[in-house]
Amino acid sequence: MARQTACAPSRGGEDGFDRARSAGLIAEDRARRVRAAGPDAVAPIGGWGAPYSDGWEDWRPDPRRRVTELPGDWNRTPAATSA
């Protein structure tokens, strides 16, 4: 049985991209190339192409595999940071 999912579009990534571009973290020429590549990047999703049509929704992990345990300090900041 095929499952279809729909969700509202999010501008979260685009807003962050625009802020990074405005702050000079992404050069204008690179931003143009990224925006131009966008339609090609999302076309397989809209066309239900690979890998979206390859049965991934039926994948299940091997039940014999144990869940990896995180170290006790997994959420520790790895280096001193300044505000």
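Asp40 is linked by a salt bridge (charged side-chain N to carboxylate O under 4.0 Å, His left out) to nothing, counting only residues two or more places apart in sequence or in another chain. Under the rule for a side chain to side chain contact (heavy atoms under 4.5 Å, CB included), Asn75 has no partner lying at least two apart in sequence or in another chain. When the side-chain hydrogen bond (donor to acceptor under 3.5 Å, both in side chains) test is applied to Arg65, no partner is found at least two apart in sequence or on another chain. Every residue two or more places apart in sequence or in another chain that forms a salt bridge (charged side-chain N to carboxylate O under 4.0 Å, His left out) with Arg64 is listed here: Asp62.
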Donor-acceptor pairs are to be reported for all side-chain atoms of residues 22-34 against protein atoms at under 3.5 Å, with residues two or more places apart or in another chain.
unit_1 : atom_1 : unit_2 : atom_2 : d
Ser22  : OG     : Asp18  : O      : 2.9
Glu28  : OE2    : Arg21  : NH1    : 3.3
Asp29  : OD2    : Arg33  : NH1    : 3.3

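Hydrophobic cluster membership differs between Val42 and Phe17, with clusters built from Ile, Leu, Val, Met, Phe, Trp and Tyr side chains linked at under 4.5 angstrom.
Connectivity analysis of hydrophobic side chains (ILVMFWY, heavy atoms under 4.5 Å, direct or indirect) links Trp74 to Leu70.
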